[in-house]
Amino acid sequence: MSVVQAVDVPSSLASSYARSFGEQGTAWITELPALAAEFLDRWELKRDGAAGAGEASLVLPVSGKDGTRAVLRLQMPREETTAALIGLRTWNGDGMVRLLDHDPDSGTMLLERLDGARTLASIEDDDAAMGILAGLLARLVRVPAPQGLRSLEVIANEMLEQVPQAVTALADPSDRQLLRGWASAVAELIDEPGDRLLHWDLHYDNVLAASREPWLAIDPEPLAGDPGFDLWPALDSRWDGVVVKGDTPRIVRRRFDLLTEALGLDRARATGWTLGRLLQNSLWDISDGETALAPSSIVIAESLLKR
């Protein structure tokens, strides 16, 4: 009972689950301390640090019987959780945080401990930071996607089906034209959706300093598809800092060139799939009630198309 009481759920995580999943999320949060206690006991782990949380998971620093430092990550079982487990097992620590143990039923993971206080955003030189990210991404996407993941082909078709209705929600005619243009780019590529294992969310804050390697990726949301669809999070990294520098198109193009060179991508094709990612983000925004395209999406699109 003392262990259960020691596992406090951060209020930010409880609020996130209530907002995203309603009663189901609130019920899962209520059971979370007991779930954490169960796996601390089952895997013979000892807590050795303060709990952390993102929008979807509770992270507990722990150490094993042999002194191995790790983190216990607990997240409500969903399609995304299953996909993350598939990806982590497939990459097996190659450029990615290593999965030490897991429980497929609950989605609970035991991961190697990285330096959560030092992300790639701590590197001021943007070329250096992007070069590191590009190198990691190149390693990740060279792996063929295993069975059991969502495919970009399915996602792309779903996006195209949503476009006619989404266009009507945009107030500015120029935004409507842009959205249709991004959809056209996806339609041209949809017959070759790709078969690589994608991270889907690799930006500066999802790369942490490590001891096994200087830097490793974390928090994958794996998908099977074309690596060009995986570039947007990197292009959008530390966006406010990019805007402040006052030469946003040049920085976007420089980042894009570093990424496509490292991954060996055809730049025209990678541009098309990046527009597809902007389309996806915009459709999500519109479903949340937005009536205008995000300014950053417009800038990124224009930077790549007006080379």
Has the side chain of [X] got a donor or acceptor atom that lies under 3.5 Å from a matching backbone atom of [Y]?
X    : Y    : value
D175 : L293 : yes
T90  : I86  : yes
H203 : D205 : yes
D101 : M109 : no
R277 : F229 : yes

Of all heavy-atom pairs between [X] and [Y], which one has the smallest distance, and what is that distance?
X    : Y    : value
L275 : A301 : CD2-CB, 3.8 Å
R238 : E124 : NH2-O, 3.9 Å
A209 : L114 : O-CB, 3.6 Å

Full working for side chain to side chain donor-acceptor pair (under 3.5 Å) between D230 and W200: CA-CA 5 Å; D230 232 7; W200 209 0; 5.8 Å; no
Check: Y17 ring centroid to W28 ring centroid under 6.0 Å: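 For Y17 and W28, the ring centres are under 6.0 Å apart.
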pair L140-M96: side-chain heavy atoms closer than 4.5 Å: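 Yes; the side chains approach each other to less than 4.5 Å.
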R42 side chain near D103 side chain, heavy-atom distance below 4.5 Å: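 Heavy-atom side-chain distance check passes, below 4.5 Å.
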Donor + acceptor pair across side chains of S63, R69 (<3.5 Å):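 S63 vs R69: no donor-acceptor pair found between side chains.
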